[in-house]
Amino acid sequence: YIGSPGVTVMNCAFTNNTALDDGGAIYAVGGAAGITNAILGCQFLNNRALTGSGAGLYDVGTGGAQVYTISNCVFVANYAAGNAGGAYIGDGDYLYMYNCQFTNNFATNGSGGGFWVNGTFVDTVVTNCSFENNDCDDYGGGARLENGLTLTVRNCVFYNNDAKDLNASAEIERGGGMYIGNPSLAMTDCIFTNNTTTNDQGGAVYVAGGDGKTYAMTNCTFRNNMSSGSDGGAVYIADGALLSVVGCSFVTNFADSSGGALMFLQANVADNPPVWLVNSVFTNNTARRGDAGAVYVAGNFGAAVVTN
């Protein structure tokens, strides 16, 4: 239990720890304005939150204007009955996560099999991280990144993550690899392979979106992802102001309904956004029961540019 702000945890191993509620290994109450918290070079292995969330790490995130850094950490085989099998971060202004691994983590009644950020961060940066074989029962098999202004994801791998009905409850599952709430997104050099969502959209990535938000995907690869019950075999974006897909590859993705590779919907007439598809490849994607085997775009768009 960490109750004071400005804490650094370095080169520690947390193995086989159990909490009845939140934070099987670490429970932290957050920080205060101007404070930096850091988890560096730590291992979280086989920890349990039996009725709660954040089996490896749970940070309430009270107090604003704080910086949170997680780097060179490993989260493996952690189990949460609620949300965030690996780690849960509540709130703050800046979150930076580098060189971390999330593998075989489970959130059996909630979101974020590997990781969940559920705060109003001004800036969230995730770099050189891997999310493999994580499962959840709701949104974001690999990770759920909920709120904030901007989200940057660079050089990350999402492999074989599932947002699926773990409890036969017929709930909606979205974003097999990653679920993104309402920040603008810049995603570069990422690979999404064999990610699945069972009952809803976005086999690899689901973006809830919002007015004025922009989404840029550059040099990313989406292969063998599946939305087995709905739309957007690889990527589903529910709303936004601009979509840019540059130098990306979409191969053998599958949607049970429409948008075998990509679906982008635009709900706000005032946004009148452009859509850019540039130097990208769409190969062997399938929309089994609906429209657009590769790309489905609908809404009030100002222009659609498809080049090379």
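Both backbone and side-chain heavy atoms feed into the values below; hydrogens, waters and symmetry mates do not.
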When rounded to the nearest 0.5 Å, the distance separating OG1 of Thr198 from CE of Met226 is 10.0 Å
How far apart are the C-alpha atoms of Ser257 and Asp231, what are their side-chain angles, what is the distance that settles it, and do they pass the side-chain hydrogen bond (donor to acceptor under 3.5 Å, both in side chains) test? CA-CA 5 Å; Ser257 188; Asp231 307 310; 3.1 Å; yes
Min side-chain heavy-atom separation Asp200-Glu173 under 4.5 Å: no
When Asn37, Thr36, Thr124, Asp59 are each screened for side-chain hydrogen bond (donor to acceptor under 3.5 Å, both in side chains) with Tyr68, the one that passes is Asp59
May I ask you to decide if the ring planes of Phe115 and Phe131 are parallel, tilted or perpendicular, using 30° and 60° as cut-offs? tilted
Side chains of Asp137 and Thr108: any donor to acceptor distance under 3.5 Å? no
pair Val235-Phe250: side-chain heavy atoms closer than 4.5 Å: yes
Sequence-distant partners of Tyr236, ring-ring contact (aromatic ring centres under 6.0 Å, His included), two or more places apart: Tyr206
Output for pair (Asn161 CG, Ser130 OG), nearest 0.5 Å, gives 9.5 Å
Roughly how far, to the nearest 0.5 Å, is the CG atom of Asn155 from the OH atom of Tyr98? 12.5 Å
Residues Ile2 and Val9: closest non-hydrogen pair is CD1-CG2, 4.1 Å
Check the orientation of Tyr88 and Trp116. Use parallel for under 30°, tilted for 30 to 60°, and perpendicular for over 60°. perpendicular
Stepwise side-chain contact (heavy atoms from CB on, under 4.5 Å) check, Leu243 with Met217: CA-CA 8 Å; Leu243 171 64; Met217 294 180 286; 4.0 Å; yes
Donor-acceptor contact below 3.5 Å, side chain Ser244 vs main chain Ala216: no
Ignoring hydrogens and angles, state whether a donor on the side chain of Asp256 or Ser228 is under 3.5 Å from an acceptor on the partner side chain. no
Other than Leu40, what residues sit in its cluster of Ile, Leu, Val, Met, Phe, Trp and Tyr side chains whose heavy atoms are under 4.5 Å apart, directly or through others? Met10
Test side-chain hydrogen bond (donor to acceptor under 3.5 Å, both in side chains), reference Asn195, set Asn134, Asn224, Asn225, output is Asn225
Any idea which heavy atoms bring Gly247 and Ser280 closest together, and the distance? N-OG, 3.4 Å
Grab the two heavy atoms, one from Gly209 and one from Tyr215, that are nearest each other, plus how far apart they are. CA-OH, 2.8 Å
Taking all non-hydrogen atoms of both residues, which atom of Ala255 and which atom of Gly260 are closest, and how far apart? CB-CA, 3.9 Å
With Val76, which of Thr15, Leu45, Asn46, Asn133 fulfils side-chain contact (heavy atoms from CB on, under 4.5 Å)? Leu45
Inspect the contact between Asp189 and Arg154 and indicate whether a charged nitrogen and a carboxylate oxygen are less than 4.0 angstrom apart. no
Examine the side chains of Asn194 and Asn160 and answer whether a donor and an acceptor come within less than 3.5 Å of each other. no
The single option from Val207, Thr152, Leu151, Thr214 passing side-chain contact (heavy atoms from CB on, under 4.5 Å) against Pro183: Leu151
When you compare the side chains of Ser71 and Asn99, does any donor N or O come within less than 3.5 Å of an acceptor on the partner? no
Closest non-hydrogen contact found for Phe102 with Gly114 is CD2-O, 3.3 Å
On a heavy-atom basis, which atom in Thr197 and which in Gly176 lie closest, and how many Å separate them? CB-N, 4.0 Å
As an exercise, state the distance from OG of Ser111 to CG of Leu145, rounded to the nearest 0.5 Å. 11.5 Å
